[in-house]
Visitor: 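I have a structure I would like to understand better, so I am pasting it below and will then ask my questions one at a time.
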Number of protein chains: 2
Amino acid sequence: MQAALALIDEKGLATFNIRALATTLGVYPAAIYWHVPSRDALVAGAIALALDGVAAHLPQGTWQLRLAAVIRGFRAALRAHPFLAPAVASELATNANFDALLLDHVLAALEDAGFEGAALVDAFNVVIAAMCGFATLELSTAPAGSSAEWQAACRGHIDAIDPVRHPRLARHVGSLRDRAFMLRWSNGSEQPLDSGFEAWVDVVVRGLESRSRMLRRLPRV
Amino acid sequence: MQAALALIDEKGLATFNIRALATTLGVYPAAIYWHVPSRDALVAGAIALALDGVAAHLPQGTWQLRLAAVIRGFRAALRAHPFLAPAVASELATNANFDALLLDHVLAALEDAGFEGAALVDAFNVVIAAMCGFATLELSTAPAGSSAEWQAACRGHIDAIDPVRHPRLARHVGSLRDRAFMLRWSNGSEQPLDSGFEAWVDVVVRGLESRSRMLRRLPRV
DNA sequence: ACCTGAACACCGTTCAAGT
DNA sequence: ACCTGAACACCGTTCAAGT
């Protein structure tokens, strides 16, 4: 798994293959299958390895601080292995390899926030989606093709925005160019969206605060 | 592109291949390459086709309603083509095929919400991440392997939660089982996380409201 | 128990040749 | 301009045979 993770970190997911892994391990490709059932299982193992330890050093403090730390910690772990980002999105959605400690921390924070019953389940899903959503999107990589002309095509498309049909987009394109989702050609490793991410954490925490207050004023269903 | 989208919807992304597409089109595989440079381009085209029209019918109303409609509309479009979800996550991150009308709508709503300058860019990234994050995670599919034993492994892992080490997880596992990210084996097509998604929309909108109020009380940087 | 050696099946992509 | 026909390269996976 460690060798797989190292190879993915080095070359990317698309070019990671069993034969290369076998070479670095000094065995024949078929030998891998004695230890692991499939390539997918190797990727899943690499993900588990990469995200291991997010739950290890979580701070004390208010539930707001603790939830923010979970979301920031997940992003930090993924930033160390950015090529895993696309796999994480599809892998973590339905996954038996969950980190029980991390999930327990999330639940503890949400209980402190005042969520219970069905609202707690909803809030849990909100936090997990918030944890995965921004970071996987930020770090997912461009297609494997030649980046030079692809970047040029991106820039061309962006610079061709019609100020009559899309006035606000045209007005703000200067500050959005290569600094916003869907309008960038650099990925999150080269060009981190740090302030956007902090806004994200802020919005999620404030939103949970506000929703919790709202729910506690209404009669339970 | 339509044929590609139809094939992906039918069989899934992993088993979608050029040869099958050529067969349904009644041509040799090599003929595809006259019209399209690569398999990736076909997937990207299918995504563009699937997400086309999200911006078409957006309602009038408060900025809160309009942003919620964007996030809901994106999920609805993706629900019609769930097999695309994993590709969307990596594809939309850096993408020249953006829908200018949709982005213009988002900017208009955020201007109405009082965001400007650098804070507007951050808020834009928050909204796009919110739009993509929950839906792609909810709809991303399980690994291609045999689902029967895989489901059993998931359930087994969940039912083996240790109530001593993870008391809150153990306490709530009954309501989280197969209804929460990382603790489910069904995917979002079979088992939609509707109430979680509505909580998500609520949290994001409330968070943006709260953040906007906060920013306007502070001196500009 | 764990690995070798070789093979199979599949698939993206290329290319010279057709019309 | 667009497609055929065939081939190449690559890769996940299997399996009988080794030790």
Side-chain angles (χ1 to χ4, degrees), chain A residues 1-49 83-84 86-88 90-91 95 97 140-150 153, chain B residues 1-49 83-84 86-88 90-91 95 97 140-150 153:
Chain A
M1 297 300 189
Q2 287 169 359
L5 180 55
L7 270 179
I8 293 171
D9 284 345
E10 194 181 326
K11 299 183 158 196
L13 248 186
T15 58
F16 164 72
N17 64 61
I18 302 263
R19 286 168 144 92
L21 178 63
T23 304
T24 68
L25 292 175
V27 294
Y28 273 64
I32 309 278
Y33 288 84
W34 180 260
H35 304 275
V36 146
S38 68
R39 181 183 180 277
D40 276 358
L42 282 166
V43 175
I47 289 175
L49 218 58
F83 285 131
L84 281 179
V88 166
S90 27
E91 192 61 42
N95 189 355
N97 284 350
S140 54
T141 46
S146 60
S147 51
E149 48 194 69
W150 179 81
Chain B
M1 297 300 186
Q2 287 169 358
L5 180 56
L7 270 179
I8 293 170
D9 284 345
E10 195 182 324
K11 298 183 159 194
L13 248 184
T15 58
F16 164 71
N17 64 61
I18 302 264
R19 287 169 143 90
L21 178 62
T23 304
T24 68
L25 293 175
V27 294
Y28 273 63
I32 310 275
Y33 288 86
W34 179 261
H35 305 274
V36 148
S38 69
R39 181 183 179 278
D40 276 357
L42 281 167
V43 175
I47 290 175
L49 218 58
F83 285 132
L84 281 177
V88 166
S90 27
E91 191 62 43
N95 188 358
N97 284 350
S140 54
T141 46
S146 60
S147 51
E149 48 194 69
W150 179 82

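Only heavy atoms go into these numbers, but all of them, side chains included; no hydrogens, no water, no symmetry mates.
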Visitor: For DNA chain D, just give me the dot-bracket, please: Watson-Crick or G-U, both distances below 3.5 Å, ( ) intra-strand, [ ] crossing earlier pairs, | paired with another strand, . unpaired.
Guide: ||.|||||...|||||.||
Visitor: Each nucleotide in nucleotides 9-15 of chain D should get exactly one letter: B, S or -. Can you fill that in based on protein heavy atoms under 4.0 Å?
Guide: --BBBBB
Visitor: Output the distance between atom CG (A/L84) and atom CG (A/L49), rounded to the nearest 0.5 Å.
Guide: 9.5 Å
Visitor: Considering all heavy atoms of both residues, which atom of B/L13 and which atom of B/A87 are nearest to each other, and what is their separation?
Guide: CD1-CB, 3.6 Å
Visitor: Is the phosphate of D/dC3 approached by B/Y28 (side-chain N or O, under 4.0 Å from OP1 or OP2)?
Guide: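 For D/dC3, neither OP1 nor OP2 has a side-chain N or O of B/Y28 closer than 4.0 Å.
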Visitor: B/L5 and B/A46: which non-hydrogen atoms are nearest, and at how many Å?
Guide: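 Closest approach of B/L5 to B/A46: CD1-O, 3.9 Å.
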Visitor: Once rounded to the nearest 0.5 Å, what's the spacing between atom CZ of A/R19 and atom CD1 of A/I32?
Guide: 11.5 Å
Visitor: To check you understand the geometry: which heavy-atom pair defines the closest contact between A/P29 and A/I18, and what is its length?
Guide: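 Answer, listing the atom of A/P29 first, then A/I18: O-CG2, 4.0 Å.
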Visitor: To check you understand the geometry: which heavy-atom pair defines the closest contact between A/M1 and A/G45, and what is its length?
Guide: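 Minimum heavy-atom separation between A/M1 and A/G45: SD-CA, 3.6 Å.
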Visitor: From B/I47 CD1 over to B/I8 CD1, what is the distance, rounded to the nearest 0.5 angstrom?
Guide: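 The distance works out to 7.5 Å.
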Visitor: Round to a whole Å and report the spacing from CH2 of A/W34 to P of C/dG5.
Guide: 18 Å
Visitor: Expressed as a whole number of angstroms, how long is the span from B/H35:NE2 to D/dC3:C1'?
Guide: 8 Å
Visitor: What closest approach, in Å, do B/F16 and B/V43 show between heavy atoms, and which atom pair accounts for it?
Guide: CE2-CG2, 4.3 Å
